[in-house]
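Scroll down for the structure; my scribbles are underneath it.
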Amino acid sequence: MATKNKKTQAQLKKELDKIFSLYVRTKYATNGIVRCYTCSVSKPIKSIQNGHWIPRNILATRFDEKNCRPQCVACNLFQRGRPDVFAMGLLKEYGQKALETLQAKRQEIIRHFPYEDKIAEYKEKLKIL
């Protein structure tokens with residue numbers, strides 16, 4: 001009897017990255033067009049990326065919706081996410097306390113991230129959008 005191969009943490013992270021990115025871009029889209037959070041250029045969903053205020057290498061905030069917004073390639077990659085402009089937008093949306101909370105989460109060490117649960121959660125959220 002063959003057993004089902006369990007996905008590695010790296011494979012699960014990659015899968016969640018893909019689903020979460022699609023969710024963030026779709027959430028802010030209108031008729032398939034998304035505006036960059038930091039420069040306001042409008043592009044199709046496939047031409048926009050999921051940008052992070054706190055860099056995505058910080059697992060505690062990598063999949064935090066308050067830390068993520070759609071960004072064009074120019075802002076997200078070539079201008080390193082424009083964190084100053086990104087922060088001003090988040091400040092207007094959520095206030096100083098939310099930014100401080102995100103900054104505090106930056107210090108969290110996560111040993112076992114619930115990838116499977118988050119994958120299921122964002123697949124469901126995508127169905128609603």
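We're numbering straight along the sequence, starting at 1.
Following chains of ILVMFWY side-chain contacts shorter than 4.5 Å, one cannot reach Ile33 starting from Val24, and the two form parts of different hydrophobic clusters. Linking ILVMFWY residues whenever their side-chain heavy atoms come closer than 4.5 Å, directly or via other members, leaves Leu22 and Tyr37 in distinct clusters. Leu102 and Ile110 end up in different hydrophobic clusters when Ile, Leu, Val, Met, Phe, Trp and Tyr side chains are linked at under 4.5 Å. Under a hydrophobic-cluster definition in which Ile, Leu, Val, Met, Phe, Trp and Tyr are linked whenever side-chain heavy atoms come within less than 4.5 Å, directly or via other members, Leu91 and Val85 are assigned to different clusters. Follow the hydrophobic side-chain contacts under 4.5 Å out from Tyr94 and you reach Ile58 in the same cluster.
No donor-acceptor pair closer than 3.5 Å links the side chain of Tyr28 to the backbone N or O of Pro70. Formation of a donor-acceptor pair under 3.5 Å by the Arg25 side chain with backbone atoms of Ile45 is found in this model. For Gln71 (side chain) and Thr38 (main-chain N/O), no donor-acceptor pair under 3.5 Å exists by modelled atom type. A donor-acceptor contact shorter than 3.5 Å is absent between the side chain of Tyr23 and the backbone of Leu129.
A 4.5 Å side-chain heavy-atom check between Cys39 and Arg82 finds at least one atom pair inside the cut-off. Using a 4.5 Å heavy-atom threshold, the side chains of Phe63 and Phe113 count as touching. Residues Ser42 and Val34 have side chains not in contact (no heavy-atom distance under 4.5 Å, counting atoms from C-beta outward). Looking at Leu99 and Trp53, their side chains come closer than 4.5 Å, going by heavy atoms from C-beta outward. Residues Lys43 and Val73 form no side-chain contact, since every pair of their non-hydrogen atoms from C-beta on lies 4.5 Å or further apart.
Cys36 approaches Ile48 most closely through the heavy-atom pair N-CD1, 4.5 Å. In terms of heavy atoms, Cys68 sits closest to Phe20 at SG-CE2, 3.5 Å.
Separation of atoms OG1 (Thr26) and CD1 (Ile19) is listed at 12.0 Å; rounding is to 0.5 Å. For the atom pair Gln49 CD and His52 NE2, the distance stands at 10.5 Å (nearest 0.5 Å). Considering OH of Tyr122 and NZ of Lys27, their distance stands at 7.5 Å, rounded to 0.5 Å. The OH atom of Tyr115 lies 6.0 Å from the CD atom of Gln9; values are rounded to the nearest 0.5 Å. One distance of note links NZ of Lys14 with OG1 of Thr8; it measures 10.0 Å at 0.5 Å rounding. One distance of note links CD of Gln103 with CD1 of Ile54; it measures 4.5 Å at 0.5 Å rounding.
Lys123 pairs by the salt bridge (charged side-chain N to carboxylate O under 4.0 Å, His left out) definition with Glu15, not counting sequence neighbours. Residues satisfying the side-chain hydrogen bond (donor to acceptor under 3.5 Å, both in side chains) test with Lys105, not counting sequence neighbours, are Asp64.
In summary, of the residues considered (Asn67, Asn50, Asp17), a side chain to side chain donor-acceptor pair (under 3.5 Å) with Arg56 occurs for Asp17 alone.
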Mind running side-chain contact (heavy atoms from CB on, under 4.5 Å) on Leu90 and Lys66 for me, showing each step along the way? CA-CA 8 Å; Leu90 293 178; Lys66 286 187 177 176; 5.7 Å; no
